[in-house]
Amino acid sequence: MNTGIEFTMKLSAAYSAVCRPLCHELNLPQTAFDILMFLANNPEYTTARDIVEIRKIKANLVSINVDKLVGEGYLRREADADDRRKTHLLCTDKADAVIEQGRTLQNRFMDSLLAHIDDADRKQLTESIHQMEQNLDHMLEEEH
């Protein structure tokens, strides 16, 4: 199997396994938890379309899980002042405790993922990813 695909699959499976106990405790499906954490960690993205396009969750799953999160008081919908067709999804105060637990979980996950990688290698990894992002930006600019 392709190393990149295998890594991505293992990363996703490990993250889901780490999230499972918290999702069970909170009585939240993994997808609902992922949506809530995406919105909390990326405040510049606030619409269901953003979740679909950036987080790559299928639209029907976003719709179902957003309805659940709104119904349980974790999210609220707010109409866009400039474009009435747009609805923003905003985390409520009730979501704060879940978000705090989720961020702790995510930080522990990253710490575990980077365990046994020294600071110099971490720095090199960060620099390499940054350079790849710049290369991608350049490639995309050439397309237009």
Are more than 12 heavy atoms from other residues, nucleotides or ligands located less than 6.0 Å from atom CZ of Arg122? yes
Less than 4.5 Å apart, side chain to side chain, heavy atoms only: is that true for Lys123 and Glu127? yes
Name the orientation class of the two ring planes belonging to Tyr45 and Phe38 (parallel below 30°, tilted from 30 to 60°, perpendicular beyond 60°). parallel
From Thr46 OG1 over to Glu78 CD, what is the distance, rounded to the nearest 0.5 angstrom? 9.0 Å
Of the non-hydrogen atoms in Pro29 and Lys68, which two are nearest, and what is the gap between them? CD-CE, 3.3 Å
Sort and list the pairs that fulfil salt bridge (Lys or Arg N to Asp or Glu O under 4.0 Å) and have at least one residue in residues 22-42, not counting sequence neighbours. Asp34-Arg55
Straight-line distance of Arg77 CZ to Leu69 CG, nearest 0.5 Å: 9.5 Å
In short, Cys19 meets Gln30 closest at the heavy-atom pair CB-OE1, 3.2 Å
Just checking Asn60: does its CG atom have more than 12 heavy atoms from other residues, nucleotides or ligands closer to it than 6.0 angstrom? yes
How close do Asp80 and Asp82 get, counting heavy atoms only, and between which atoms? OD1-N, 2.7 Å
Output the distance between atom CD1 (Ile35) and atom CG (Leu75), rounded to the nearest 0.5 Å. 8.0 Å
Ignoring hydrogens and geometry, is there a side-chain-to-backbone donor-acceptor pair from Thr92 to Tyr74 under 3.5 Å? yes
Check whether any side-chain heavy atom of Thr47 lies under 4.5 Å from a side-chain heavy atom of His88, and answer yes or no. yes
Would you mind writing out the side-chain donor-acceptor pairs for residues 93-101 within the sub-3.5 Å range, not counting sequence neighbours?
from  : atom 1 : to    : atom 2 : distance (Å)
Lys94 : NZ     : Glu72 : O      : 2.6

Are Met132 and Ile5 connected into the same hydrophobic cluster when the rule is that any two of I, L, V, M, F, W, Y join if their side-chain heavy atoms are below 4.5 Å apart? no
Any side-chain heavy atom of His130 sitting closer than 4.5 Å to one from Glu133? yes
Going through the distances and angles, do His138 and Glu142 end up as a side chain to side chain donor-acceptor pair (under 3.5 Å)? CA-CA 6 Å; His138 182 70; Glu142 287 178 350; 2.7 Å; yes
Between Gln106 and Val18, is a side-chain contact (heavy atoms from CB on, under 4.5 Å) present by the stated rule, with each step listed? CA-CA 9 Å; Gln106 289 175 335; Val18 167; over 6 Å; no
Please report the closest heavy-atom contact between Cys91 and Leu36, naming both atoms and the distance. SG-CD1, 3.9 Å
Does a side-chain heavy-atom distance below 4.5 Å link Leu125 with Leu114? yes
From OG1 (Thr104) to CG (Asn107), nearest 0.5 Å: 6.5 Å
Below 4.5 Å, heavy atoms only, C-beta onward: do Ile51 and Leu39 meet side chain to side chain? yes
Interatomic distance, CD@Gln131 vs CD1@Ile129, rounded to 0.5 Å, equals 12.0 Å
Under 4.5 Å between side-chain heavy atoms, hopping through other hydrophobics if needed: is there a path connecting Val70 to Val52? yes
Hydrophobic clustering (ILVMFWY, side-chain heavy atoms < 4.5 Å, transitive) - are Leu90 and Ile54 grouped together? no
Could you tell me which non-hydrogen atom of Phe33 sits nearest to which non-hydrogen atom of Cys23, and how far apart they are? CB-SG, 3.6 Å
As an exercise, state the distance from OG1 of Thr8 to CD of Glu6, rounded to the nearest 0.5 Å. 10.0 Å
Can you check whether Arg49 reaches Val62 side chain to side chain, under 4.5 Å on heavy atoms? no
Do Ile64 and Leu26 share a hydrophobic cluster (ILVMFWY, side-chain heavy atoms under 4.5 Å, transitive)? no
Check: Glu44 main-chain N/O paired with Asn42 side-chain donor or acceptor under 3.5 Å: no
Between Ala14 and Phe109, which heavy-atom pair has the shortest distance, and what is it? C-CE1, 3.8 Å
